[in-house]
Amino acid sequence: MMVNLRRISQIFFLGLFLYLLSRATTTISFDVEAPALESILPVQTFLLFDPLIAISASIAGRALQPLALLSIVVIVMAAVAGRLFCGWICPWGTTLDGFSGLLRKKRIFPVQKNLRHLKYYILAIGIFLSIFGLQVLGWFDPISLATRTFTIVIYPAFDFLIKGSLEPLVGTTLLGGPARWILGSLESAQVLLFRRPVFVFQGLFLLVLVAILAAEFYQRRFWCRNLCPLGALLGLFSRFRLLKIVVGERCINCQRCEKICPTGAIEDEKERRIHDAECIMCMLCTRDCPQDTLSVSFRLRGPRPSLAEVLPARRALLKGLVSSVLLIPILKTKAVGQRQFPGLIRPPGAWPEDEQLLYEKDIGKAEEEFLAKCIRCGECMKVCPTGAIQPVLFEAGLSGLGSPRIIPRLGYCEYNCNLCGEICPTGAIQKLTLAQKQLRHIGTAYINRSRCIPWMENENCSVCEEVCPIPQKAIVNIPTQVSNVPGVEGTGEILRPFVLIDRCIGCGQCEHECPVKGEAAIVVRRLKMVERLPIGQPVRRRLRRRDRE
Amino acid sequence: MGKKSSRREFLGKSVKGALALGASFIFGFGKKEPLFSEETEAATRASPLSNVVAVGSGKDPGENTLAALALLGGMGAFVKPGDLVVVKPNISWDRRPEQAATTNPDVVAAVVKECLKAGAGKVRIFDRALNDPRRCYRNSGIAKAAQDAGAEVFFPKDYDYIDVKFPRARRLKAWPLHRAALEADVFINLPIAKDHNEAKLTLCMKNLMGIMGDRRGRIHQGLHQNLADLNSGFKPHLNILDANRIQVAHGPNASLLADVREPKMVIAGVNAVSVDAYAAAHLPWERDFGGMVEYIQYAGEMGLGEADLASIEVRK
């Protein structure tokens with residue numbers, strides 16, 4: 001019965017997780033007063049309650065996370081009921097359980113090897129590195145991992161499946177109506193995505209998902225028992241748990257509970273103990289015990305954990321600290337980062353305003369501070385209305401993996417939108433007001449005159465100038481008299497675009513719309529004026545108040 | 001025994017399903033004749049309204065719309081009971097109504113109400129936006145106004161474009177157009193008048209770009225001829241040009257209120273070329289485009305409508 005209750009809880013929380021993820025998008029409502037994001041709870045709720053993220057982002061970012069106190073709820077839950085979160089709430093755990101359920105009982109290469117200390121390694125390394133300003137726990141945190149994987153892989157795949165099977169039918173007479181109706185309803189309910197999502201490096205994130213799911217063939221809840229640093233953290237607090245499962249007097253050593261336990265928490269039955277730090281309260285042992293001698297008990301003072309239980313964790317923590325020292329130089333390698341690949345355009349709010357970025361080292365520092373807080377959850381990628389925000393591979397150095405960048409060819413930064421800052425759970429992308437965001441320069445457009453149609457082919461185009469959203473336009477047309485205009489005798493007038501670099505904020509709509517195939521004739525790059533101007537002069541002129549109106 | 005028959009049943013069901021699916025593909029897609037053919041062209045030219053431009057002026061945009069329509073004989077002259085009407089306003093930019101980048105929502109509401117009053121079976125509204133469509137539909141005020149007036153507002157989808165040939169085109173020989181525009185009984189073109197750098201002015205003829213599919217950036221090479229060609233292959237039944245507020249600089253997506261002027265009029269006509277020619281000459285533009293806009297000139301040359309102001313009958 002408890003098992004059924006748990007399944008209901010799991011389904012509820014997974015449903016809530018998916019609901020919140022589906023709400024992380026611009027609302028379709030026609031009402032001008034409607035809020036930009038419409039949801040019964042903040043879209044980032046799961047991330048806000050996550051203690052691992054609170055700790056990691058607070059330490060690495062050198063500032064207490066604003067809503068960090070919420071995560072105390074989960075810590076208290078662990079102190080009272082152990083890893084109840086893992087068994088009853090965690091959406092990633094539920095996903096693994098669901099997949100395992102499909103496998104039934106086929107475990108291809110069951111492995112008895114005890115790898116449980118690995119998660120303590122990861123936790124220790126992660127915490128230690130965050131002291132040095134390196135955010136790696138975001139890669140391993142299960143909520144961040146779930147959000148990222150669903151955003152980049154699973155939700156698009158689901159969206160593609162439905163649309164791919166129904167869209168070809170819309171033109172047909174028989175099934176066209178129903179197909180349209182289903183598509184329309186699912187889209188209004190925001191179950192289907194408004195745009196066809198495109199994410200770069202989708203394959204990498206798919207590979208990670210497949211690897212974690214494949215591990216289920218070896219051990220049930222392989223991720224949870226061996227790798228999950230949140231599980232490790234909650235496990236540390238579980239030692240004090242008040243609610244535990246106890247083996248009663250009638251035990252006949254049939255070992256059925258040991259076999260059914262998904263996290264391998266039951267061992268050494270002679271001692272009649274269940275590992276406090278591993279038990280996720282799945283209740284399967286209580287259901288399957290033939291003697292019905294296992295039960296949940298409320299103990300204020302139970303037997304203390306044995307040395308055999310605690311030692312692996314302690315060892316792992318120490319070894320982890322030592323290994324971290326080796327990792328720091330590797331991850332902090334700025335060889336790539338410092339060259340700062342000029343195509344690396346961060347979302348507005350990731351870096352401070354221009355006045356604070358006078359020198360190259362300032363940019364390096366801004367990037368470091370951003371990466372320290374960014375937990376790679378992918379919420380910004382989900383919410384971006386144009387699909388501009390994409391995951392980074394190694395363009396920002398090894399430690400930048402999974403962080404967000406804008407690729408204008410795939411999506412431009414919508415001028416009147418500031419959703420990425422609104423949604424970022426750790427404030428890595430700062431919340432900017434619309435007015436602030438519209439002055440925040442993230443890059444500058446450059447025209448490649450050897451690809452641009454008016455410059456190379458003497459034919460008008462002007463699409464970049466047309467779509468530029470800056471109130472006074474950051475691109476102007478220079479009327480030029482030229483000969484060899486197609487279809488014109490003698491000379492004709494061509495409008496040739498020119499970027500006013502002190503107005504351009506790098507939104508990328510020009511690059512997005514440029515009709516030149518392949519690389520656009522106008523591209524957004526980060527302007528490095530620092531070398532060209534005398535020291536002390538500001539890089540960019542702030543728009544004068546009258547220009548801003 | 002149980003397993004064999006269930007397998008057979010399954011096979012049978014699958015084959016039947018596949019056949020049904022195949023049949024639905026074979027037996028039809030929606031009708032896709034181009035809206036415009038030689039016959040309808042001849043009929044339109046013979047119509048007494050072909051050279052008429054109606055202007056409604058005043059403080060209220062809705063009233064101006066009704067006045068202009070009345071001068072053309074009222075909406076009943078265009079919409080018959082039961083008709084499927086598609087209205088295509090400009091909802092292309094994420095701007096508020098007072099920034100004059102999108103059609104005035106009061107004008108849209110007035111048009112929708114008139115169509116329904118004339119007995120239209122259904123009125124549908126759409127445009128293919130250049131900013132995020134959800135923001136455009138919402139912030140322009142058009143989606144709400146149209147929906148409240150009784151129209152069905154929808155977002156155009158990639159799978160709904162059908163290739164249409166333009167037989168009389170000089171440059172743009174064919175282009176995918178949205179099926180809703182092609183399947184409508186009555187198509188009403190509802191632009192807002194604005195300044196435009198490459199096109200010089202965006203009026204009725206340019207507004208048709210909103211029914212085009214594919215990547216429209218390519219249209220901008222030889223834009224003027226392409227616009228004339230587009231209008232040679234597709235012709236709205238009625239054009240209503242919103243000139244209550246117009247953008248005169250930094251268009252077509254200006255956001256500064258300083259770029260907006262208020263001629264406070266609505267210009268309507270069956271012929272986009274004539275309406276555009278009138279608007280080019282009589283609205284308070286600040287750009288010097290030498291008196292004639294190229295695409296209007298080409299359209300006149302191709303015989304798509306009367307571009308000569310002297311031959312246009314203006315009703316006020």
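Predicted model, so just to flag it, every value in this text is computed and none were measured. Chain letters run A, B, ... following the sequence lines, proteins first, then strands; residues in each count from 1.
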* Test log, rule side chain to side chain contact (heavy atoms under 4.5 Å, CB included), inputs Y159(B) and L183(A) -> CA-CA 12 Å; Y159(B) 47 77; L183(A) 284 172; 3.8 Å; yes

* Proximal component of E457(A), with respect to chain B [non-hydrogen, under 4.5 Å] -> neither

* From OG (S188(A)) to CZ (F155(B)), nearest 0.5 Å -> 9.0 Å

* Salt bridge check: are R134(B) and E414(A) linked by an N-O gap of less than 4.0 Å? -> no

* To do: Work out which heavy atom in F30(A) is nearest to a heavy atom in K144(B); give both atom names and the distance.
  => O-CB, 3.8 Å

* Structure fact -> When every non-hydrogen atom of C461(A) is compared with those of Q221(B), the smallest separation belongs to SG-NE2, 3.2 Å

* **Neighbour count >12 (heavy atoms, 6.0 Å) for atom CG, D31(A)** => yes

* Asked: Pick from R216(B), K157(B), R218(B), H224(B): which one has the most heavy-atom pairs with chain A under 4.5 Å?
  -> K157(B)

* Enumerate the residue pairs fulfilling side-chain hydrogen bond (donor to acceptor under 3.5 Å, both in side chains) with a member in residues 98-109 of chain B, sequence neighbours excluded, ordered by first and then second residue. => R96(B)-E98(B)

* To do: Considering non-hydrogen atoms only, spot the tightest contact between N416(A) and R135(B) and give its length.
  => O-NH2, 2.6 Å

* Structure fact -> Per-residue tally against chain B (heavy atom, under 4.5 Å) across E459(A), E465(A), E187(A) peaks at E459(A)

* Flag if over 12 foreign heavy atoms under 6.0 Å of CD, E489(A) -> no

* Structure fact -> Bottom line for N460(A): the part with an atom under 4.5 Å from chain B's heavy atoms is both

* What's the shortest heavy-atom distance between R215(B) and H512(A), and which atoms? -> NH2-O, 3.1 Å

* Within a reach of under 6.0 Å around CG of D158(B), are more than 12 heavy atoms found that belong to other residues, nucleotides or ligands? -> no

* **Under-4.0 Å salt bridge between D160(B) and R180(A)** => yes

* Asked: With a 4.5 angstrom heavy-atom cut-off, which part of C417(A) approaches chain B: side chain, backbone, both or neither?
  -> both

* To do: Identify the two heavy atoms, one from S255(B) and one from P469(A), that lie closest to each other, and give their separation to 0.1 Å.
  => OG-O, 4.3 Å

* chain B contacts, top residue of K163(A), E466(A), E513(A), K473(A) (heavy-atom pairs, under 4.5 Å) -> E466(A)

* Any Lys/Arg nitrogen of K200(B) or E493(A) sitting under 4.0 Å from an Asp/Glu carboxylate oxygen of the other? -> no

* Asked: When rounded to the nearest 0.5 angstrom, what is the spacing between CG in D132(B) and SG in C384(A)?
  -> 9.0 Å

* Side chain, backbone, both or neither: which part of F194(A) has an atom under 4.5 Å from a heavy atom of chain B? -> both

* To do: Any chance you could measure L223(B), atom CG, to S462(A), atom OG, to the nearest 0.5 Å?
  => 9.5 Å

* Asked: For the atom pair CZ (R138(B)) and CD1 (I28(A)), what is the distance rounded to the nearest 0.5 Å?
  -> 9.5 Å

* **Nearest non-hydrogen partners of N131(B) and Y412(A), listed with the distance** => CA-OH, 3.0 Å

* Taking C-beta and beyond as the side chain, do V467(A) and W93(B) meet within less than 4.5 Å on heavy atoms? -> yes

